[in-house]
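These notes concern the structure reproduced below.
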There are 2 protein chains.
Amino acid sequence: MVNTASRSRRRAPGNTQERILDAAEALFARKGYQATSVGEVAGAVGIRSPSLYNHFRNKEALYRAVLERLLDRFAAPMEALAHGPITEERLLDWLDTIVRMHHANPNLARLLQHAALSGGPGTGELIERFFRPMMMRDPRLEQPGLRALGESGLQPWAVMAFNNLVMSYVTMAPMYRDLLGQDPFGEEALERQLALVRTLLLAVLRFDGAAGAGYPPSPTPSGIDEKR
Amino acid sequence: MVNTASRSRRRAPGNTQERILDAAEALFARKGYQATSVGEVAGAVGIRSPSLYNHFRNKEALYRAVLERLLDRFAAPMEALAHGPITEERLLDWLDTIVRMHHANPNLARLLQHAALSGGPGTGELIERFFRPMMMRDPRLEQPGLRALGESGLQPWAVMAFNNLVMSYVTMAPMYRDLLGQDPFGEEALERQLALVRTLLLAVLRFDGAAGAGYPPSPTPSGIDEKR
DNA sequence: TCAAGAGGCGCGATTATTCACACTTGGCCC
DNA sequence: GGGCCAAGTGTGAATAATCGCGCCTCTTGA
C-alpha cells in the first residue's frame, strides 16, 4: 500500500512524523510534559526544532498525539476482555494481559504516572478513557467470591490496587534495578512479576470473606507525625 | 522611595527557611525537580527569587534539603521496625506503619516517584537510604511461611511489590479521585486502604506454597537467591 | 549600630514559536 | 526529454518569555 517508490536521498530515512513521535514518547515518559523541551525532541530525531513544527502544530499537539498512539496500542487487548462473564480465570487472563502490555511498552504507565502527579494537557481524557472503563462497577461478577467483591463496594478499590501494582512495577523499576541484581524488563523478571501478581490475585480471591468490613479499625501502632 | 505601599508586617509565623522548605516540598512533589522553578517556590512563600538565595545556596541545595527533611521524618518509625524477629504480626505492623506514614505525608512517595522516572540530584542516595534497607535479604524471617519467602529468593520482589502498592496509592490517587467518589486522603479512604493492604498480605502469607513453585507458566529455574 | 534578609536590576542561557527562505520532490504540460 | 509549479520538509534568525543566579542597595528588628 505504501509506495515510497524512490529511496530517499540523504533527506529522510523514514517517516519523520513517526520518528518524532517515538522520540517524544520516550522523552515525555521519562521527564514529563513540562520538563521536556521541543528542542530536545527535535535533537533526538536529528532535526532542529523549527522543523518539528512542520509536523505538529505545537508542543501540546505533539503530546496529545503521543498519548493517542499509546492509548490505541492498549485499546485492542483491553477490548478483548470486555465481554462475557467474569470468572476467576478470566480475571487471571486480564492481569496477565496488562502485565505483559505494560512490560512490553512501559511508556504509557510512565506518562500516566506523570499525569497523575503533575496534571498536564489531556489528563481528563486520560482518566475517562483509560481508568473509567476499568473502574465501573461490573455486574458480570458471577462467582461467589467475586460477587462479594462487587456487592461490598470494594471492587473499584481492588481494581485500583491491582492496577497500581502493575503500573508501579514499571514506573518504579529504575529504583530497584541495582537492588534486584536483575534487569527489571528482562524475560526472567517478567515471569517473576507475572507469578507474583497472579499469586496475589489468587490468594486474595481464595481468602474470601476478606473483603468484608469485618476488619478491626486498625490498632494504630506508633506515633506518626500528622501535618502540623 | 515613594512606592512604599506599606506592606503588611513582614514578620512571618515561622522562620522563612522553613516556609521555603514547605513550599518547595509541595512543588517538587507535584512537578518534579526540573519542572519546578525557584521563582515559583519563592512566589508561593511570598518573596522574590533572589531572596531565596539568602537561605539556600542554589536550587539543588534546596532540593536536597527537602529530601533530607522528608527522609528524616520517615526514619524514626522505620527504625522501630528494624529490630527483633520478624513475625506475621510484625509484618502487619510494618505495613500499617508505612501506609499511615505515606498517607499522612504523601510528598516523599511523590518525590521518589519523580526520581524513579526522571532521575535528578540525589537519586543515588535516595536508593541507598530508602530502598536498600528494606530490600536486604533478611535473616530474621522465623515463621515457616516467611522462611519460605526468604529462602526462595522472592523476598526482595515481595517487598518491592508491597512497597509499590503502598506508594502508588499515594502517587496515583489524583487519577482515582473522581472515580472513587471519595477523597483518597480522607479518614475513610485510609481505613479502606489499610484493610485492603492488610488483607492482601495475610492472603498471600496464608496462601503458602505461594512461593511460585507451583505455577504453570513460571518455570522458576531456581537458584536466584544469589546476590549479584 | 549592625547584620540578616528582602528586593531591584540584570546577565546569559533556554524556552516555545514564528518567519523568511532553501531545497528536494512528483506530477503535468509541451 | 526539458521546463515549471505546488507541496513538503528542512534551515537560521528573531521573538518574547522565563530560567537560575550574582550583585548591590535598602529596610528592619535587635
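Here the structure is a predicted model, which is why all the values come from computation and not from measurement. Order of the sequence lines fixes the chain letters, A, B, ..., with proteins taken first and strands second; residue numbering starts at 1 for each chain. No hydrogens, no waters, no symmetry mates; every other heavy atom, side chains included, goes into these values.
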Intermediate values then yes/no, side-chain contact (heavy atoms from CB on, under 4.5 Å), B:Leu111 and B:Tyr33 = CA-CA 9 Å; B:Leu111 279 167; B:Tyr33 177 73; over 6 Å; no

Distances for protein N/O vs nucleotides 15-18 of chain D N/O pairs under 3.5 angstrom?
none

Compare all side-chain heavy atoms of [X] with those of [Y] and state whether any distance is below 4.5 angstrom.
X        : Y        : result
A:Val38  : A:Phe56  : no
B:Leu190 : B:Val99  : yes
B:Leu196 : B:Leu200 : yes

Distance, rounded to the nearest Å, where [X] contributes [atom1] and [N] contributes [atom2]:
X       : N      : atom1 : atom2 : value
A:Ile20 : C:dA16 : CD1   : C1'   : 15 Å
B:Leu52 : D:dC19 : CG    : P     : 13 Å
A:Arg48 : C:dT14 : CZ    : P     : 14 Å
A:Ile47 : D:dG12 : CD1   : P     : 12 Å
A:Leu27 : C:dA16 : CG    : P     : 12 Å
A:Arg57 : C:dA16 : CZ    : C1'   : 14 Å
A:Tyr63 : C:dA16 : OH    : C1'   : 17 Å
B:Asn15 : D:dG29 : CG    : P     : 17 Å

How would you list, by chain and number, every residue that makes a side-chain contact (heavy atoms from CB on, under 4.5 Å) with A:Ala109, sequence neighbours excluded?
->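 side-chain contact (heavy atoms from CB on, under 4.5 Å) list for A:Ala109, sorted by chain: A:His102, A:Met167, A:Val170, A:Thr171.
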
Considering residues at least two apart in sequence or located in another chain, which fulfil the side-chain contact (heavy atoms from CB on, under 4.5 Å) criterion with A:Ser118?
->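 In terms of side-chain contact (heavy atoms from CB on, under 4.5 Å), with neighbours along the sequence ignored, A:Ser118 is linked to B:His114.
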
Nearest nucleotide by nearest heavy atom, which residue falls closer to the 5' end of DNA chain C, A:Glu40 or A:Pro50?
->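 That would be A:Glu40.
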
Among pairs that include at least one residue of residues 155-178 of chain A, which meet ring-ring contact (aromatic ring centres under 6.0 Å, His included), considering only residues two or more places apart or in two chains?
->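 Counting only pairs at least two positions apart or across chains, the ring-ring contact (aromatic ring centres under 6.0 Å, His included) contacts touching residues 155-178 of chain A are A:Tyr176-B:Phe131.
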
Got a donor-acceptor pair under 3.5 Å from the side chain of B:Ser51 to the base of C:dG7?
->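 Pair found.
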
Hey, is the side chain of A:Asn54 pairing donor to acceptor with the base of D:dG10 inside 3.5 Å?
->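 It does, because a donor-acceptor pair links the side chain of A:Asn54 to the base of D:dG10 below 3.5 Å.
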
Taking the side chain of B:Lys59 as its heavy atoms from C-beta onward, which of D:dT11, D:dG20, C:dT17 lies nearest to it?
->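 So the side chain of B:Lys59 is nearest to D:dG20.
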
Given axes from five pairs at either end, by how many degrees does the helix from C:dA13-D:dT18 to C:dC30-D:dG1 bend, rounded to 10°?
->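 Between the axes fitted at each end of the helix from C:dA13-D:dT18 to C:dC30-D:dG1 lies an angle of 20°.
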
Under 4.0 Å between a side-chain N/O of B:His55 and OP1 or OP2 of C:dA4, yes or no?
->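 It does not, given that no N or O in the side chain of B:His55 lies less than 4.0 Å from OP1 or OP2 of C:dA4.
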
Ignoring backbone atoms, test whether B:Thr16 places a side-chain nitrogen or oxygen under 4.0 Å from the OP1 or OP2 oxygen of C:dA6.
->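 So the side-chain polar atoms of B:Thr16 do come within 4.0 Å of the phosphate oxygens OP1 or OP2 of C:dA6, strictly under.
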
Pairs where residues 38-51 of chain A contributes a residue and the test salt bridge (Lys or Arg N to Asp or Glu O under 4.0 Å) is met, not counting sequence neighbours =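 For residues 38-51 of chain A: A:Lys31-A:Glu40.
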
Hey, which of A:Arg19, A:Arg30, A:Arg110, A:Arg73 is the one that makes salt bridge (charged side-chain N to carboxylate O under 4.0 Å, His left out) with A:Glu25?
->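 Between A:Glu25 and the candidates, salt bridge (charged side-chain N to carboxylate O under 4.0 Å, His left out) is satisfied uniquely by A:Arg73.
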
